[in-house]
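Sequential numbering from 1 along the given sequence is applied to the chain's residues.
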Amino acid sequence: VVRLDTYAKTTTPLRLAACKATTEAVQTIALVFLLITAFPTTDLGSEIIHYRDAITSTSISPSALWPAIGACFWTGWVTCAYTIYAQSYGQRRV
């Protein structure tokens with residue numbers, strides 16, 4: 001766990017939230033890339049490859065894709081982004 005108290009006091013909550021979200025996104029993308037390339041035969045690696053192949057195939061209808069995109073936006077913007085911003089706002093005060 002990285003302590004953010006020094007940085008949090010010198011920046012705005014929005015910048016701190018953006019920094020935290022960017023760090024999480026980069027680490028997540030790196031982990032998925034690592035699982036696909038270094039461990040393609042493990043359960044996680046093969047599941048990710050199978051999911052990627054299913055998404056890129058033409059077997060998914062647009063009517064099934066829009067709810068999935070909506071769920072991603074809802075999860076990203078409402079549940080994750082608000083939580084990260086609220087934590088950042090609180091960290092500035094502590």
Side-chain angles (χ1 to χ4, degrees):
V1 175
V2 177
R3 298 209 35 121
L4 298 172
D5 57 349
T6 304
Y7 181 61
K9 292 176 183 174
T10 62
T11 189
T12 65
L14 188 57
R15 286 186 186 205
L16 182 60
C19 179
K20 290 166 61 175
T22 302
T23 301
E24 289 176 8
V26 167
Q27 290 178 348
T28 301
I29 291 167
L31 177 62
V32 170
F33 182 75
L34 176 72
L35 286 171
I36 290 173
T37 57
F39 304 104
T41 58
T42 63
D43 288 339
L44 281 175
S46 63
E47 284 294 322
I48 293 170
I49 291 170
H50 177 70
Y51 179 75
R52 181 200 62 201
D53 292 342
I55 291 294
T56 57
S57 73
T58 58
S59 63
I60 297 176
S61 68
S63 63
L65 194 57
W66 284 113
I69 291 171
C72 289
F73 280 126
W74 174 264
T75 305
W77 284 342
V78 176
T79 62
C80 294
Y82 174 73
T83 304
I84 289 172
Y85 178 75
Q87 288 174 345
S88 300
Y89 187 79
Q91 283 177 325
R92 183 177 172 124
R93 304 284 184 233
V94 174

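Counting heavy atoms of neighbouring residues, nucleotides and ligands inside a 6.0 Å radius, atom CG of D53 exceeds 12 of them. Other residues, nucleotides and ligands contribute more than 12 heavy atoms inside 6.0 Å of the CZ atom of R52.
Hydrophobic clustering (ILVMFWY, side-chain heavy atoms < 4.5 Å, transitive): F39 and I48 are in one cluster. Under the 4.5 Å side-chain contact rule for hydrophobic residues, L34 and V32 share a cluster. Linking ILVMFWY side-chain heavy atoms closer than 4.5 Å, directly or via other members, places W66 and F73 in a single hydrophobic cluster.
With values rounded to the nearest 0.5 angstrom, I36 atom CD1 is found 10.0 Å from L31 atom CG.
In this structure, A18 and T22 approach most closely via the heavy-atom pair O-OG1, 2.7 Å. Residues Y85 and P13 approach most closely at CE1-CB, 3.8 Å, considering heavy atoms. Listed here is the closest heavy atom pair of I84 and E24: CD1-OE1, 3.7 Å.
Partner of T12 under the side-chain contact (heavy atoms from CB on, under 4.5 Å) criterion, out of L14, T10, L16: L14 alone.
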